[in-house]
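Here the structure is laid out as structure tokens; the discussion comes afterwards.
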Amino acid sequence: MPVYEYQCTACNNTFELRQKFSDEPATECPSCGGTVKKLISSTAFTLKGGGWYAEGYSGTSGSGSTGCPSGGGCAGCPSAAA
Ligand SMILES: [Zn+2]
């Protein structure tokens with residue numbers, strides 16, 4: 001769920017709202033009730049992207065299933081003993 005950042009045009013209070021794409025955007029400042037404008041928050045998308053990016057990498061980089069740096073070619077590897 002994306003996080004939207006708003007800034008109050010009356011008191012300059014900034015706040016974040018976690019909203020669905022279908023949710024109505026916030027129009028009132030929670031502290032003074034003034035009009036708010038939506039800010040473009042790139043940090044929210046960076047954090048969100050970093051999450052699934054890291055998960056994707058952990059899935060593809062696990063090629064060494066034996067856990068041996070030689071890839072199964074040393075005397076201690078199960079595949080070499082078999
Ligand atoms: Zn305000």
Side-chain angles (χ1 to χ4, degrees):
M1 198 178 291
V3 176
Y4 296 106
E5 196 171 3
Y6 293 90
Q7 183 175 30
C8 178
T9 58
C11 71
N12 282 334
N13 172 44
T14 57
F15 59 98
E16 291 179 347
L17 276 182
R18 202 174 293 262
Q19 295 183 301
K20 283 181 273 190
F21 284 109
S22 56
D23 281 352
E24 289 286 316
T27 55
E28 281 193 2
C29 171
S31 63
C32 79
T35 306
V36 298
K37 62 178 179 182
K38 186 189 280 187
L39 301 177
I40 305 299
S41 179
S42 58
T43 55
F45 282 98
T46 304
L47 287 171
K48 190 176 194 288
W52 58 255
Y53 212 71
E55 280 176 35
Y57 257 99
S58 68
T60 54
S61 65
S63 55
S65 56
T66 61
C68 178
S70 74
C74 77
C77 285
S79 59

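Each ligand, and each atom within it, is numbered from 1 in the order the structure gives. Nothing here was measured: the structure is a model prediction, and the numbers come from that model.
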Spell out the protein N/O/S atoms under 2.8 Å from the Zn ion (ligand 1) as residue plus atom name.
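Atoms qualifying: C8 SG, C11 SG, C29 SG, C32 SG.
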
Write down the atom of Y4, the atom of K20, and the distance for their closest heavy-atom approach.
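Between these two residues, the closest heavy atoms are CE1-O, 4.5 Å.
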
Ignoring hydrogens, what is the shortest heavy-atom contact between Q7 and T14? Give both atom names and the distance.
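Result for this residue pair: CG-CG2, 3.7 Å.
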
Looking only at atom types and distance, does a side-chain atom of Q19 sit under 3.5 Å from a main-chain N or O of P25, one as donor and one as acceptor?
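No.
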
Using a 4.5 Å cut-off on heavy atoms from C-beta on, say whether the side chain of F15 contacts that of P30.
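Sidechains of F15 and P30: in contact.
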
Name all residues meeting the side chain to side chain contact (heavy atoms under 4.5 Å, CB included) criterion together with T9; count only those two or more places apart in sequence or in a different chain, and write none if there are none.
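Side chain to side chain contact (heavy atoms under 4.5 Å, CB included) check on T9 returns T35, K37.
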
Report the C-alpha separation of C11 and S31 in whole Å, then their side-chain angles, then the decisive distance to 0.1 Å, and conclude whether the side-chain contact (heavy atoms from CB on, under 4.5 Å) test is met.
CA-CA 9 Å; C11 71; S31 63; 3.8 Å; yes

